[in-house]
Every structure is written in structure tokens, then in C-alpha cells.
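Just so it is clear: chains get the letters A, B, ... in the order the sequence lines come, proteins before strands, and each one is counted from 1.
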Protein chains: 2
Amino acid sequence: MKWGARLNLVYSSTARPVVFEGRMLIRLAENLSLYGALTEEDRRAVGALPAAMRRFPAGEDIVIEGDAPAQCRVLISGQAFRHRTLPDGRRQIMSFHAQGEICDIEGLLLSMDHTVTALSPCEVAFVPHVALETLLEAHPNVMRALWRASLIDGAIFREWMLGMGRRTAKARIAHLFCEVFTRMRMAGLVEKNRCRFPVTQTHLSDALGLSVVHTNRVLQELRGEGLIAFRGGELAVLNWAGLQAAGEFDPSYLHLGASRR
Amino acid sequence: MKWGARLNLVYSSTARPVVFEGRMLIRLAENLSLYGALTEEDRRAVGALPAAMRRFPAGEDIVIEGDAPAQCRVLISGQAFRHRTLPDGRRQIMSFHAQGEICDIEGLLLSMDHTVTALSPCEVAFVPHVALETLLEAHPNVMRALWRASLIDGAIFREWMLGMGRRTAKARIAHLFCEVFTRMRMAGLVEKNRCRFPVTQTHLSDALGLSVVHTNRVLQELRGEGLIAFRGGELAVLNWAGLQAAGEFDPSYLHLGASRR
DNA sequence: CGTGAACTTGAGATTTCTCAAGCGGGGTGG
DNA sequence: CCACCCCGCTTGAGAAATCTCAAGTTCACG
């Protein structure tokens with residue numbers, strides 16, 4: 001009740017947070033385990049963090065540029081993306097996120113310099129910063145995992161920079177599909193050769209720095225070459241080797257292996 | 001002697017590390033203070049980290065993609081840049097760094113996915129990871145400052161992404177100059193309206209995702225409009241308001257204000 | 001059955017690139 | 001001390017990638 005009431009006040013008059021017993025945050029603990037070794041006790045503590053839940057329909061903003069949030073938002077289900085949109089409408093999408101990820105961890109130490117928006121309907125757990133702070137002090141492994149996750153985010157940004165600066169439209173699109181597919185697989189969200197990726201071609205073009213028209217034509221090429229199928233918010237990889245080659249994709253920048261220490 | 005000998009072995013047969021008494025690392029402590037509140041004791045501990053020093057001539061690599069370093073490299077003097085270069089020569093520069101910064105902090109938790117190269121002759125202090133790790137455990141403020149610095153790095157990458165995806169060549173160049181100038185001023189490296197920025201036009205184009213030819217022409221425009229002078233490795237801002245407007249530069253993404261907590 | 005969002009297609013306009021060549025200054029070997 | 005050379009800068013001109021504008025199509029949904 002305590003956190004729920006607080007969130008209700010702080011966040012929005014329309015928010016109807018529901019306190020629940022931390023079951024959901026197991027997802028966060030599992031996700032963090034991918035980034036650094038956690039003890040059973042670390043995971044238990046993460047799972048037991050106080051949290052209030054809120055649903056966001058697709059297209060709704062979860063955090064807005066300029067906010068100085070007092071909670072971390074953990075994606076329990078659904079997908080979201082970060083972006084910055086300039087006054088005249090130009091938009092750059094910076095990253096895509098799936099369940100288990102904290103979509104505004106920067107907000108713990110910085111004010112938000114970008115907006116996070118729901119791509120599909122999302123369940124989001126709000127974890128008060130104070131509670132997280134307390135946990136981090138007692139559980140340095142968790143802090144280290146979060147830091148490492150931030151560093152990997154940075155590595156992904158660098159890879160996107162390389163793409164936008166030095167790769168053709170076709171390679172960029174193929175590369176993005178490879179990345180999304182790989183990360184979704186890591187998160188256990190790939191079935192057979194397909195995964196949910198509910199973006200429009202406009203989203204794609206804004207993520208890649210292209211116009212919609214050009215994105216559309218290149219997409220047709222990729223389909224025509226039998227590399228992918230992409231319809232109805234679902235991505236199917238029909239020829240992984242070919243797609244990887246087209247995108248010059250080398251997953252090492254994702255640092256999927258175990259933590260260095 | 002201990003660290004010196006170790007570094008000598010680990011690093012390179014041509015390295016001639018010299019142990020010195022931590023005076024230099026004051027620079028690091030000062031730099032970290034920009035990212036998070038440190039106590040006098042925190043700063044003292046950072047300044048007292050064991051370190052071996054090595055000089056790198058301009059153009060020499062300081063850490064190489066694929067390395068799994070056992071030390072952090074702190075830039076004591078000089079400037080460096082991170083980049084990734086593809087087999088066929090395409091290169092993307094990811095960031096520029098000045099004195100006081102750790103140029104391979106990722107290396108503490110990840111293997112290097114990019115190379116760091118000296119832009120001008122550099123003095124680099126090598127701090128063993130084990131020593132830093134020990135310090136971080138005892139000084140959570142320092143860990144928090146480093147984490148926050150990583151997050152700000154990420155914010156800068158996002159801003160570059162926005163530029164490469166959605167800004168014209170002219171705005172991109174102007175924006176980069178604004179950013180460099182602002183960060184150099186924060187580091188106390190601006191005199192009057194000028195600062196050292198020893199990059200060639202090739203460096204600029206690789207940082208911005210442009211061809212050298214086009215970079216050259218746009219640079220002439222900026223000069224022609226009286227916004228900047230850029231020669232001999234030195235950048236002079238002649239019309240800050242104009243440059244800022246041309247680059248759509250808003251420094252909030254640099255998070256120069258105090259830490260949120 | 002009407003509507004709007006997302007997707008497609010066509011075609012001309014721009015930005016930016018590539019290739020090619022000339023210039024200029026600093027550094028090096030003779 | 002001079003000549004030469006290399007790197008970085010500059011310029012010209014045609015080529016390519018990508019963009020913008022404009023309109024038509026499809027499909028899910030009310």
C-alpha cells in the first residue's frame with residue numbers, strides 16, 4: 001500500500017498502480033543475471049523489491065524527456081523503445097527493449113534526456129529509487145550488474161553509430177534485424193525462427209536514420225532475397241547466414257558471454 | 001616497483017613504465033568529482049592508486065579491439081579517440097577524450113570492442129584492475145561516479161546517433177564543435193575562445209559519417225560564415241550563438257549539472 | 001461500408017559520395 | 001641547405017544513394 005499510494009501521487013492521476021508481491025520482479029533478477037554473477041540471495045533481494053504495477057497501451061509514453069524520475073520502470077511484459085524527437089518532427093530511435101529490462105535506469109543517476117514509449121501494450125513495474133539504492137548498497141553484485149548492463153548499452157549505441165555512419169541502408173536494416181533477433185533469442189522470446197517485433201516501417205526508418213520510402217524499398221529487397229519475412233509485427237529469419245552477411249553482423253559487441261569477473 | 005614490473009610484462013616489450021607517486025592521478029580524482037560527489041577521503045584514495053606511466057606518440061594505439069585489459073588507462077595529458085575500423089578501411093570514430101578521463105573503463109567489465117588511439121602525444125597512467133576493484137569496494141561513491149560517467153557517455157553516443165541519423169552535414173559538424181568546445185571548457189582547457197583539437201579533416205569525417213571531401217566543403221561554409229576558425233589543430237569559436245544555432249546544440253545531454261544525488 | 005494508418009509505387013530533386021588531380025607546408029635524406 | 005616526398009587540404013565534376021512529394025492500395029476496425 002505504501003508504495004502504491006506514493007506512486008499514485010507522484011506519477012499520474014490516471015495511474016492505478018497495484019501493489020503485488022514481487023513475483024514479477026523475478027524477471028528483472030533473471031535479466032540481471034545475464035549481466036553479472038548474482039548469488040541466490042542477490043536474486044531474492046531483487047525479486048523482493050517493492051513495486052507498483054501499471055499498464056501502458058501501445059504508443060503511450062512511459063517516461064518523458066526532461067523527467068527526473070523517482071522510480072525505475074521495469075518492463076514486465078511488452079516491448080518499448082527509447083527515442084528523441086525534435087520540435088520539427090524528426091525522430092531518432094535509440095534502442096528497443098523487451099521484458100526484464102529496466103527502461104530508464106539512467107534516471108537513477110541522471111535526468112531523462114530522451115523519451116521511452118511503449119511499442120506494444122506493456123506491463124511496467126515501478127520500483128522506488130530509494131528502495132533500489134538501499135539494495136545496491138547492500139548488494140554490490142547487483143550494482144555491478146547494472147553498471148555492466150549500462151556499458152553494454154553503450155556498446156550497442158556505438159555499433160548503431162558505426163552503422164549509421166558507415167553502412168549502407170541495406171546493411172543497416174539487416175544488421176538491426178540480426179541484433180533484435182539475437183537479443184530476443186537470449187531473452188527466450190524466439191520460437192522456431194520467429195519473434196515478435198511490433199514496429200512499423202516508420203519505426204525502422206527512425207531507428208536507422210532513413211526515410212520511410214527508402215526503408216520500404218530496401219525491405220522489399222531483403223524479402224526478395226529470401227532473407228527475412230516481416231509482417232504483422234513479427235520478424236521471421238529465413239536465412240540467418242545470408243542476413244548476417246548482408247548486415248556484416250558480428251555479435252561480439254553484445255558481450256553475451258559471461259561477465260569478465 | 002611491483003606494479004611497474006608487472007605492467008612491463010603484461011603490456012609490451014617496448015613499454016617502459018615508470019612508477020610514480022600518484023600525483024598524476026589527482027587529475028583522475030578531479031575528473032571523477034565532476035560526475036559524483038566524492039569525499040576528501042575518496043579523492044585521496046583515488047590519488048593514491050598504484051599506477052605506472054607510459055607515453056604514446058600521436059597515432060599510436062593505447063588499447064586495441066579484442067583486448068581484455070588488466071589495467072585501466074587514465075589519460076594524464078594529451079587527447080585520444082575511440083574508434084572501430086572495418087577490414088576494408090571504413091572507420092567510425094565514437095568519441096574524443098581529454099586528460100583526466102579513463103579511456104578504457106569498459107575494459108573493467110567487458111572485453112574491448114573498439115580501439116583507442118592517441119590523437120596527440122599522450123601520457124597514460126596504467127592502474128591495475130585489482131587495485132581499482134579493491135578501491136571501488138571500499139568507496140561506493142567512486143563506483144557510483146564511474147557508473148554515472150558511463151551513463152553520460154551513453155547519452156553522448158545517443159546524441160551522436162541523433163546527429164548521424166537526422167541532422168545535415170553542416171549541423172553535425174557544428175554540433176561536434178559545440179560539444180568539444182563545451183567539454184574542453186569544463187575540463188579547463190579553453191583559453192579565450194580557443195582550444196586544442198588536433199584532428200585532421202579525415203578524423204572529423206570519420207566521427208560524423210561523412211566523406212572527407214564533403215567535410216572539407218562544409219567546413220569552408222562554417223568558416224565563411226564567420227562561425228569558427230579551425231587550423232593547426234586548434235579550434236576557435238568566433239560566434240558561439242551562431243555555431244550553436246547551426247548545430248542545434250543544447251548541452252543538456254552532457255548532464256553538466258551536479259549529480260542527482 | 002467508411003476511415004485511417006501503414007504500406008507501396010512513381011518520379012524528380014538533393015545531398016553526399018567517389019574519382020581524380022593539384023597545391024602547400026613540414027620533415028628527411030643527401 | 002636544398003630537393004623531394006608525404007600527408008593533409010582543396011577543387012572540379014560526374015555518379016550514386018537517398019530524400020521528398022504525391023498519390024494509390026491494402027487492411028484492420030468501428
Side-chain angles (χ1 to χ4, degrees), chain A residues 57-60 81 86 88-93 117-121 163-176 196-224 228-235 246-248, chain B residues 57-60 81 86 88-93 117-121 163-176 196-224 228-235 246:
Chain A
E60 188 156 308
F81 65 102
L86 299 175
D88 65 357
R90 278 172 298 163
R91 177 174 76 167
Q92 179 66 46
I93 292 179
T117 301
L119 205 50
S120 56
M164 292 204 283
R166 292 299 182 221
R167 286 200 247 258
T168 63
K170 188 170 169 185
R172 259 183 271 182
I173 298 187
H175 193 280
L176 177 61
R196 292 242 75 219
F197 187 41
V199 294
T200 65
Q201 294 186 6
T202 304
H203 286 117
L204 282 183
S205 51
D206 284 343
L208 298 163
L210 298 169
S211 69
V212 207
V213 173
H214 200 234
T215 301
N216 178 279
R217 296 197 227 263
V218 176
L219 229 27
Q220 291 178 53
E221 269 187 72
L222 292 176
R223 279 197 278 248
I228 55 153
F230 177 61
R231 270 188 49 233
E234 196 167 66
L235 168 66
E248 307 176 316
Chain B
E60 190 157 306
F81 66 102
L86 299 175
D88 66 356
R90 278 171 298 162
R91 179 173 73 168
Q92 179 66 45
I93 293 180
T117 301
L119 205 50
S120 57
M164 293 203 285
R166 292 298 182 220
R167 285 200 248 259
T168 64
K170 188 170 170 186
R172 262 184 267 184
I173 299 187
H175 193 279
L176 177 61
R196 292 243 72 218
F197 188 42
V199 293
T200 65
Q201 295 186 2
T202 303
H203 286 116
L204 283 183
S205 50
D206 284 343
L208 299 164
L210 299 169
S211 70
V212 207
V213 173
H214 199 234
T215 302
N216 177 278
R217 295 196 231 261
V218 176
L219 230 27
Q220 290 177 54
E221 268 187 73
L222 291 176
R223 280 195 280 248
I228 55 152
F230 176 61
R231 270 186 48 231
E234 196 167 65
L235 168 66

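The CZ atom of B:F230 sits 9.5 Å away from atom CD1 of B:I173, with the distance rounded to the nearest 0.5 Å.
Across D:dT18, C:dT16, D:dT10, the shortest atom-to-atom separation from the side chain of A:R172 is found for D:dT18. Comparing D:dC19, C:dT18, D:dT10 against the side chain of B:S211 picks out C:dT18 as the nearest. Taking the side chain of B:T200 as heavy atoms from C-beta on, and the options C:dT9, D:dT11, D:dG8, the nearest nucleotide is D:dG8. Closest approach to the B:T168 side chain among C:dT8, C:dT16, D:dT18 is made by C:dT16 (side chain taken as heavy atoms from C-beta onward). Of the candidates D:dT20, D:dC19, C:dT16, the closest approach to any side-chain atom of A:V213 belongs to D:dT20. Residue A:N216 has its side chain nearest to C:dC7 when only D:dT18, C:dC7, C:dT16 are considered. The side chain of A:A169 approaches D:dT18 more closely than any other nucleotide in the set D:dT18, C:dT8, C:dT16. Proximity note for B:R223 (side chain, C-beta onward) versus D:dT20, D:dC19, D:dT10: the nearest is D:dT10.
Within 4.0 Å (heavy atoms only), A:G209 reaches sugar-phosphate atoms of the nucleic acid but no base atom.
Checking side-chain atoms of A:R196 against main-chain N and O of A:G233 turns up a donor-acceptor pair under 3.5 Å. With A:R172 contributing its side chain and A:R167 its backbone, the two residues share a donor-acceptor pair below 3.5 Å.
Put simply, CG on A:L204 is 12 Å from C1' on C:dA6, counting in whole angstrom units. Following rounding to the nearest Å, B:R231 (CZ) and C:dG26 (P) show an atom-to-atom distance of 10 Å. The nearest whole Å value for the distance from the CZ atom in B:F230 to the C1' atom in D:dG8 is 11 Å. Here the C1' atom of nucleotide D:dT18 and the CZ atom of A:R167 are 18 Å apart, to the nearest Å. When the P atom of C:dT15 is taken as reference, atom CD of B:E221 falls 10 Å away, rounded to whole Å. As a whole-Å value, the separation of B:L210 CG from D:dA17 C1' is 14 Å. Distance, A:E234 CD to C:dC7 P: 15 Å, rounded to whole Å. The NZ-P distance, from A:K170 to D:dA16, rounds to 17 Å in whole Å.
Between C:dA5 and A:Q201, no contact under 4.0 Å exists linking OP1 or OP2 to a side-chain N or O. Listed pair B:Q220 / D:dC9 fails the phosphate criterion, with no side-chain N or O lying under 4.0 Å from OP1 or OP2.
For the side chain to side chain contact (heavy atoms under 4.5 Å, CB included) with B:S205, the qualifying choice from B:V218, B:V212, B:T200 is B:V212, the only one to do so. Between B:Q201 and the options B:D206, B:N216, B:T215, a side chain to side chain donor-acceptor pair (under 3.5 Å) holds for only B:N216.
Along DNA chain C, the nucleotide closest to A:L219 and the one closest to A:G165 are compared, and the more 5′ of them pairs with A:L219.
Put simply, the side chain of B:R217 and the base of D:dG12 share a donor and an acceptor less than 3.5 Å apart.
Ionic pairing of B:R90 and A:E248 is present here: one or more N-O contacts between side-chain nitrogen and carboxylate oxygen are shorter than 4.0 angstrom.
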